[in-house]
Amino acid sequence: MQSTMQDAPLTIKRIINHGEWLYANKKVFTVTPGGVQEATFYEIAKRAERLAAALAELGVAPGDRVGTFMWNNQSHMEAYLAVPAMGAVLHTLNIRLFPEQLAFVINDGGDSVIIIDHTLIPVFAKIRDQIPQVRHIIVSGPDETGALGKTLDYETLIASHQPGFEWPELNERDAAIMCYTSGTTGNPKGVVYSHRSLWLHSLASMTANSIGLCEADRCLLIVPMFHVNAWGVIYTAFFAGTELIMPQMFLQGAPIITMIRELRPTISLGVPTIWNDVLHTAENDPAADFSSLRAILAGGAAVPRHLIEGFRDRYGLRVIQGWGMTETSPLAAVAIPPAGTPRDQEIDYEVKAGRVVAGVELRVVSDAGEVMPRDGKTIGEFEIRGPWITASYYGVDAPDRFHDGWLKTGDIGTLDAEGFMVISDRSKDVIKSGGEWISSVDLESNVMAHPAVFEAAVVAIPDPKWDERPLCCVVLRPGASATAEELREFLAPRVAKWWLPEHWCFIDAIPKTSVGKFDKKVLRALYADGALDVITLD
Ligand code: ADP
């Protein structure tokens with residue numbers, strides 16, 4: 001039997017129509033070297049129409065790829081609205097990729113037009129001659145270098161076209177955005193989001209069981225718009241009426257603290273390394289004021305316990321942990337304690353990677369492909385499926401990443417009866433010692449709780465007796481001191497005895513990936529090259 005329901009396509013156009021009407025006067029704040037630039041949702045929607053008219057005149061047709069090489073800012077948001085709504089595909093380019101990877105993703109994605117921020121011209125110039133199919137480069141901001149040859153000026157294009165572009169009626173399953181994984185192993189792989197998947201993901205982000213973005217919120221968007229669509233927040237914000245603060249290149253602890261004090265966001269999203277920097281910087285900044293925030297959302301990597309406790313104890317601020325991947329749009333699990341949890345026990349849930357959000361399904365599977373019980377104890381690989389989870393990669397076969405219609409996440413851990421996931425490691429980072437798993441994530445979280453430690457990353461190193469043993473790489477806080485013996489003693493009551501690392505090294509900084517996560521591949525390579533000064537305890 002057929003339903004009697006209408007079949008309105010779930011497209012970006014409908015998100016724009018909603019936001020520009022109901023939330024016309026809501027604002028987007030872009031932080032610039034010269035001050036804060038403001039624009040309303042209505043102004044941004046009209047500028048998106050002008051941009052679409054300009055792109056159409058440049059020959060951008062349905063399905064064509066338009067790349068962006070930009071910071072988090074207003075123009076980037078305009079491209080987020082205009083490009084998919086006109087039927088083309090927005091390809092967000094990671095501004096921190098190595099030049100050869102950047103050229104690869106532009107060519108592989110088939111970008112014909114690219115919009116770039118003028119401050120990124122020198123980076124982009126390195127690959128201009130390797131991307132012959134790019135017909136037009138549009139520069140936002142003054143292009144004074146001439147390093148890219150002939151370019152078009154973003155503001156001139158906007159000024160010379162009229163608003164009123166008619167968004168076409170599209171198929172909700174059409175491609176809207178493409179984003180490549182960071183390619184920590186091999187070349188990056190393309191994931192293509194549809195209008196429908198972005199729409200449903202936005203609704204999920206508005207639910208109170210997840211991030212609960214709403215009209216009362218003003219969100220400081222630290223996660224880059226080139227990394228998993230800034231966790232989908234651009235569309236969610238336009239849909240929900242959430243104001244946005246765009247930090248551009250000001251991503252260190254001190255400017256973030258200033259932004260929070262002066263622009264008073266209610267929520268902010270970023271990876272744990274950024275929040276660690278903010279927490280440590282705030283300690284020496286009596287003017288730090290987090291009172292406007294209802295929560296900060298941390299994800300993309302394990303959130304250490306001390307970080308959650310630090311914000312809670314010093315500022316009464318809740319850190320909400322989330323889990324997701326480029327392949328999952330990314331919102332898939334959010335660690336909000338179940339109702340009725342006593343305040344002093346909430347931390348036991350908050351340290352978990354997340355609780356499955358409505359709309360996706362998650363399971364743990366053994367090496368043999370068997371589905372494991374949801375008992376919070378049995379370890380295996382997480383597999384996920386749902387309407388905003390990728391079913392394939394763009395242009396490549398990757399059968400090893402899928403299993404009976406589920407995406408294999410490469411994350412190892414346990415799932416419990418209430419839907420909370422605990423991640424012990426990524427499969428490529430696991431430490432298997434004497435046939436048993438040691439969780440690098442747990443070791444790191446515990447070492448980072450030591451007051452002298454700023455950051456710590458644990459990797460596996462070969463061992464003749466146990467196959468692998470953990471090596472703990474530590475960055476001390478400025479002016480602080482601690483020896484390997486002291487740190488091991490600190491760990492002793494916190495983890496199993498046989499987990500205790502005997503190998504330690506003290507370094508100036510943990511290498512980070514292009515999106516600010518610990519880069520364990522680099523650490524392992526440094527160790528293999530003998531470039532780390534390793535202390536081995538008895
Ligand atoms: P990259 O490969 O560059 O890290 P993604 O952003 O897609 O690209 O990373 C997704 C991965 O990040 C997940 O598979 C998982 O390993 C890790 N991750 C994300 N959130 C969490 C979390 N809350 N706890 C632990 N790991 C996480």
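In each ligand, atom 1 is the first atom listed, and ligand 1 is the first ligand listed. Quantities reported herein were computed from a predicted structural model and do not represent experimental measurements.
- Applying the side chain to side chain donor-acceptor pair (under 3.5 Å) criterion to S440, with sequence neighbours excluded, gives D425, K520.
- Judged as a salt bridge (Lys or Arg N to Asp or Glu O under 4.0 Å), the pairs with a partner in residues 309-320 (not counting sequence neighbours) are, in order, E283-R314, R305-E309, R318-E346, R318-E350.
- The closest non-hydrogen atom to atom 6 (O) of ligand 1, taken over M421, H227, M325, comes from H227.
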May I have the step-by-step check of salt bridge (charged side-chain N to carboxylate O under 4.0 Å, His left out) for E383 and R401, ending in yes or no? CA-CA 10 Å; E383 294 188 349; R401 298 299 310 272; over 6 Å; no
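- Atoms of ligand 1 found under 4.0 Å from any heavy atom of K517, numbered from 1 in the order shown, are 1 (P), 4 (O), 5 (P), 6 (O), 8 (O), 9 (O), 10 (C), 11 (C), 12 (O).
- Ring centers of F226 and F69: at least 6.0 Å apart, outside the cut-off.
- Counting only non-hydrogen atoms, the option in V441, D411, I412, T409 that gets closest to atom 16 (O) of ligand 1 is D411.
- Aromatic ring centres of F239 and W199 lie closer together than 6.0 Å.
- Each of I116, D117, L120 was scored for a side chain to side chain contact (heavy atoms under 4.5 Å, CB included) with S140, with one residue passing: D117.
- Nearest-residue assignment for atom 21 (C) of ligand 1 (options W323, F382, W231; heavy-atom criterion): W323.
- Here is the list of ligand 1 atoms found below 4.0 Å of a heavy atom in Q321: 22 (C), 23 (N), 24 (N).
- Between atom 17 (C) of ligand 1 and the options G413, C179, G300, G322, the minimum heavy-atom separation is to G300.
- Counting heavy atoms under 4.0 Å from ligand 1, residue R426 touches it through the side chain alone.
- Only the backbone of A301 comes within contact range of ligand 1, with a heavy atom under 4.0 Å; no side-chain atom does.
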